[in-house]
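Both counts, for ligands and for their atoms, begin at 1 and track the order of listing.
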Amino acid sequence: MSLAGKVAIVTGAAQGIGRAVAEELARDGADVVVADLDPGRSQETVASVEKLGRRALNVKVNVADFNEVKAMVDQVLKAWGKVDVLVNNAGITRDALLLRMKEEDWNLVLQVNLNGTFHCTKAVLQPMTKQRYGRIVNIASIVGVMGNVGQANYAASKAAVIGFTKTVAREYASRNVTVNAVAPGFIDTAMTQGLPADVKETLQKQIPLGRLGRPEDIAAAVRFLVSEEAAYITGHVLHVNGGMLMA
Ligand code: NAP
């Protein structure tokens, strides 16, 4: 277990990709901070991390609020003394064609997806640089590279996350903190379950591997990027999309 003794924070870990990442890191030996908006809904993830024999800390946090993020990191440092891994996974969509997109929906998506990533990264960098070890993985999206009709706010936030990833990777490489992104294609979670059946069918036809991704497909990529084997990889965007985009 390459993550034995490591402490990992996973945001948006109550369900979907975040939950699969929390479980995968626990399977590999990490203690996991299950960070999400609603601690009641995080309970299932907490239970499965504990079932895997690891410690879990259920923390209520809105990543869009820097004070809450700072309080979360302080709580983790107080409870477990360090942070080794951060997975910036919390994210939302508020889709509309641009002419109909409300300013509040533009701002909200940027505030959670981009500013949330900034807040959490900034808050963990101090302990990580101090201990000369850190692994940060930001969950971007295929849409941040390809664009997607109805998702100008979301695509802009995810493209920005990629630029942010590469910059922070350059800034803190000398402190042995690696920063990478995983760009999922279309994954079967609550975020995509609302798509109409015909849209899903059209999407599926564009995926050479012929199916939507599973949260576990993304979790495996995250586990690799935070592992010892990936120690020489930083500033990379790992596309996990069934071949939909070959970047
Ligand atoms: P999901 O099933 O909707 O899960 C996202 C989780 O994040 C939810 O538990 C959500 O809580 C939580 N969250 C939302 N806003 C938050 C905030 N401000 N602070 C803390 N937690 C917050 O979505 P998913 O599909 O697993 O997506 C996870 C990540 O992958 C996102 O960054 C998403 O953009 C990215 N991604 C997903 C796909 C896909 O096809 N599913 C593709 C590419 C990228 P609530 O439910 O209470 O809002």
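- In this structure the side chain of Pro184 never reaches within 4.5 angstrom of the side chain of Ile142, judged on heavy atoms.
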Please list, one pair per line, the donor and acceptor atoms closer than 3.5 Å that link side chains of residues 72-82 to other protein atoms, with sequence neighbours excluded.
| residue | atom | partner | partner atom | Å |
| --- | --- | --- | --- | --- |
| Asp74 | OD1 | Lys70 | NZ | 3.4 |
| Lys82 | NZ | Gly5 | O | 2.9 |
| Lys82 | NZ | Asp84 | OD2 | 3.1 |

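- Between the side chains of Asn107 and Gln111, not a single donor N or O lies within less than 3.5 Å of an accepting N or O.
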Expected list for residues 240-247: side-chain donor-acceptor pairs under 3.5 angstrom, two or more places apart:
| residue | atom | partner | partner atom | Å |
| --- | --- | --- | --- | --- |
| Asn241 | OD1 | Gly243 | N | 2.8 |
| Asn241 | OD1 | Met244 | N | 3.1 |
| Asn241 | ND2 | Leu245 | O | 3.0 |

Provide, line by line, the atom pairs where ligand 1 and the protein bring an N/O atom each to a distance under 3.5 Å; else say none.
| residue | atom | partner | partner atom | Å |
| --- | --- | --- | --- | --- |
| ligand 1 | 2 (O) | Gln15 | NE2 | 2.9 |
| ligand 1 | 3 (O) | Gln15 | NE2 | 3.3 |
| ligand 1 | 4 (O) | Gln15 | NE2 | 3.4 |
| ligand 1 | 9 (O) | Asp36 | OD1 | 3.4 |
| ligand 1 | 9 (O) | Asp36 | OD2 | 2.7 |
| ligand 1 | 11 (O) | Asp36 | OD1 | 3.1 |
| ligand 1 | 18 (N) | Asn62 | OD1 | 2.8 |
| ligand 1 | 19 (N) | Val61 | O | 3.4 |
| ligand 1 | 19 (N) | Val63 | N | 3.1 |
| ligand 1 | 25 (O) | Thr189 | OG1 | 2.5 |
| ligand 1 | 26 (O) | Ile17 | N | 2.8 |
| ligand 1 | 32 (O) | Asn89 | O | 2.7 |
| ligand 1 | 32 (O) | Lys158 | NZ | 2.9 |
| ligand 1 | 34 (O) | Tyr154 | OH | 2.5 |
| ligand 1 | 34 (O) | Lys158 | NZ | 3.1 |
| ligand 1 | 36 (N) | Tyr154 | OH | 3.4 |
| ligand 1 | 40 (O) | Ile187 | N | 2.8 |
| ligand 1 | 40 (O) | Ile187 | O | 3.3 |
| ligand 1 | 41 (N) | Ile187 | O | 3.3 |
| ligand 1 | 41 (N) | Thr189 | OG1 | 3.1 |
| ligand 1 | 46 (O) | Arg41 | NH1 | 3.4 |
| ligand 1 | 46 (O) | Arg41 | NH2 | 3.4 |
| ligand 1 | 47 (O) | Arg41 | NH1 | 2.8 |

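- Checked by atom type and distance alone, the side chain of His119 pairs as donor or acceptor with a backbone atom of Val63 at under 3.5 Å.
- For Lys102, there are no salt bridge (Lys or Arg N to Asp or Glu O under 4.0 Å) partners two or more places apart in sequence or in a different chain.
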